[in-house]
Protein chains: 2
Amino acid sequence: MRCQLAKLFTLHFSTLVVTPTCSITRCKLEAAMSDFRIRDLQPEDCRELVNMIKELAEFEGLPEQVKITEETLRRDGFGDRPFYHCLIAEVRNKDSQDGPWLTVGYAMYFYSYGTWVGRMIYLEDLYIKPQYRGKGIGTSMMTKVAQIGVENECQRMQWVVLNWNQGAIDFYKKHDSIDLTSDEKWHLFRMEREELRKFATLHDQTVVKGC
Amino acid sequence: MRCQLAKLFTLHFSTLVVTPTCSITRCKLEAAMSDFRIRDLQPEDCRELVNMIKELAEFEGLPEQVKITEETLRRDGFGDRPFYHCLIAEVRNKDSQDGPWLTVGYAMYFYSYGTWVGRMIYLEDLYIKPQYRGKGIGTSMMTKVAQIGVENECQRMQWVVLNWNQGAIDFYKKHDSIDLTSDEKWHLFRMEREELRKFATLHDQTVVKGC
């Protein structure tokens, strides 16, 4: 399926704060669907969210890396101190104006911070199911995340993309994004859980007093 | 100055949550200083923090990129929903056991999130002033961040490093870190404030109702 939004497939980013938690954004579609809307994730969406996360990882050729569960997403996305925020895209068929909204994509983000500029917003994932691409839903979702960033005084939006995803890269560059890896030579490093645990015991650190 | 910790210079990472806010970790130094300690950032440290942020940017060859102010750091690092967390390293000279502690470094981190594994901790910056390197302070700071990550059930620690900082890269690899840019071809992308604001207006999105 040709779709303009295939280029938005592998946004794979990293964000937190004053998210409007009760807003729904609705947009008109010119095609098969009457309209779509964007709303905040609710706990009951987490099952479908896991499915979509797996679909995206499949596209990225790294399906074995998905370890997350519905329970973890429920635990971490809600309450006073959510570890992430997520938007859900929904459509309703023309033929069933009164039918239920179908979940067709998600955009996960959180607030990050840069010592050079302060608040940033990090787009961890943006995914639209294949049959709903090319309608502007993905662009609309990414735009919404950008709006949330601007509203919360974020100075930058960041994300990562696989270097073979030329469609996505072209889209980002068209909107004046910078490839920091190519331009400034930043490489992303990671320590996995077991190595992190091992590293954490490298020094015996004793807490000596409160402050 | 030869120093083992030059290799930790350009940790340039990205994190948030249940940080112990009142602990001080003290470690013994074998050399000129009697000991050092690691504690959480306090609002009154922000002036010195800005200075150290500038010193690190200078080392990285990108001093013009530092726009942050003491006021911004005070606004964003404290309160119910801090945008970042930061550790401060301090030393006291042998000759003045009762003298004040001197600030010699910082480690800024926040909590990020990955759709594949869940909670992650992101190390935005790790910096030790040149004259205090080679004593284990930087390693100790990074270890402390790793401990905070483990305690908060983070599945990974991530950060970025400039590809010419071979000393740092060797250190990370020695501790079984993965270079995701080289190994999996992830490129870090960014949209700066003005481009973000422009992108945020790409679609006219109307909030239609609460939920």
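Just so we're on the same page: letters track the sequence lines, and every chain starts at 1. Just so you know, these numbers use all the heavy atoms, side chains as well, and skip hydrogens, waters and symmetry mates.
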For the atom pair OH (A:Tyr84) and OG (B:Ser112), what is the distance rounded to the nearest 0.5 Å? 14.0 Å
Ranking A:Asn163, A:Thr72, A:Val66 by heavy-atom pairs under 4.5 Å to chain B gives rank one to A:Asn163
Within the structure provided, determine whether B:Trp186 and A:Leu162 are in side-chain contact (heavy-atom separation under 4.5 Å). yes
What residues form a salt bridge (charged side-chain N to carboxylate O under 4.0 Å, His left out) with B:Glu71, not counting sequence neighbours? none
Heavy atoms of B:Trp116 and A:Glu60 approach each other most closely as CZ2-OE1, 3.0 Å
Using the salt bridge (charged side-chain N to carboxylate O under 4.0 Å, His left out) criterion, which residues pair with B:Asp76? Sequence neighbours excluded. A:Arg119
Closest contact, heavy atoms only, A:Ala200 versus B:Gln147: O-NE2, 2.8 Å
Highest number of heavy-atom pairs under 4.5 Å with chain B among A:Lys67, A:Gln155, A:Lys54, A:Glu153 belongs to A:Gln155
Quick check: do B:Tyr172 and A:His187 have side-chain heavy atoms less than 4.5 Å from each other? no
Partner residues of A:Glu70 under the salt bridge (charged side-chain N to carboxylate O under 4.0 Å, His left out) criterion, sequence neighbours left out: A:Arg47, A:Arg74
Heavy-atom closest contact (A:His175 atom, B:Leu202 atom, distance): CE1-CD2, 3.7 Å
Measuring only between side-chain heavy atoms, which start at C-beta, is B:Tyr106 closer than 4.5 Å to A:Thr115? yes
Okay, A:Lys198 and chain B: the region with an atom under 4.5 Å from a heavy atom over there is side chain
Which residues, numbered in order, of residues 188-197 of chain A come under 4.5 angstrom of chain B by heavy-atom distance? A:Leu188, A:Phe189, A:Arg190, A:Met191, A:Glu192, A:Arg193, A:Glu195, A:Leu196, A:Arg197
Mind checking whether B:Tyr113 and A:Leu73 have side chains closer than 4.5 Å, heavy atoms only? yes
Quick check for you: among B:Asp176, B:Asp183, B:Asp179, B:Val150, which has the greatest number of heavy-atom pairs under 4.5 Å with chain A? B:Asp179
For B:Ser182, which atoms come within 4.5 Å of any heavy atom of chain A: side chain, backbone, both, or neither? both
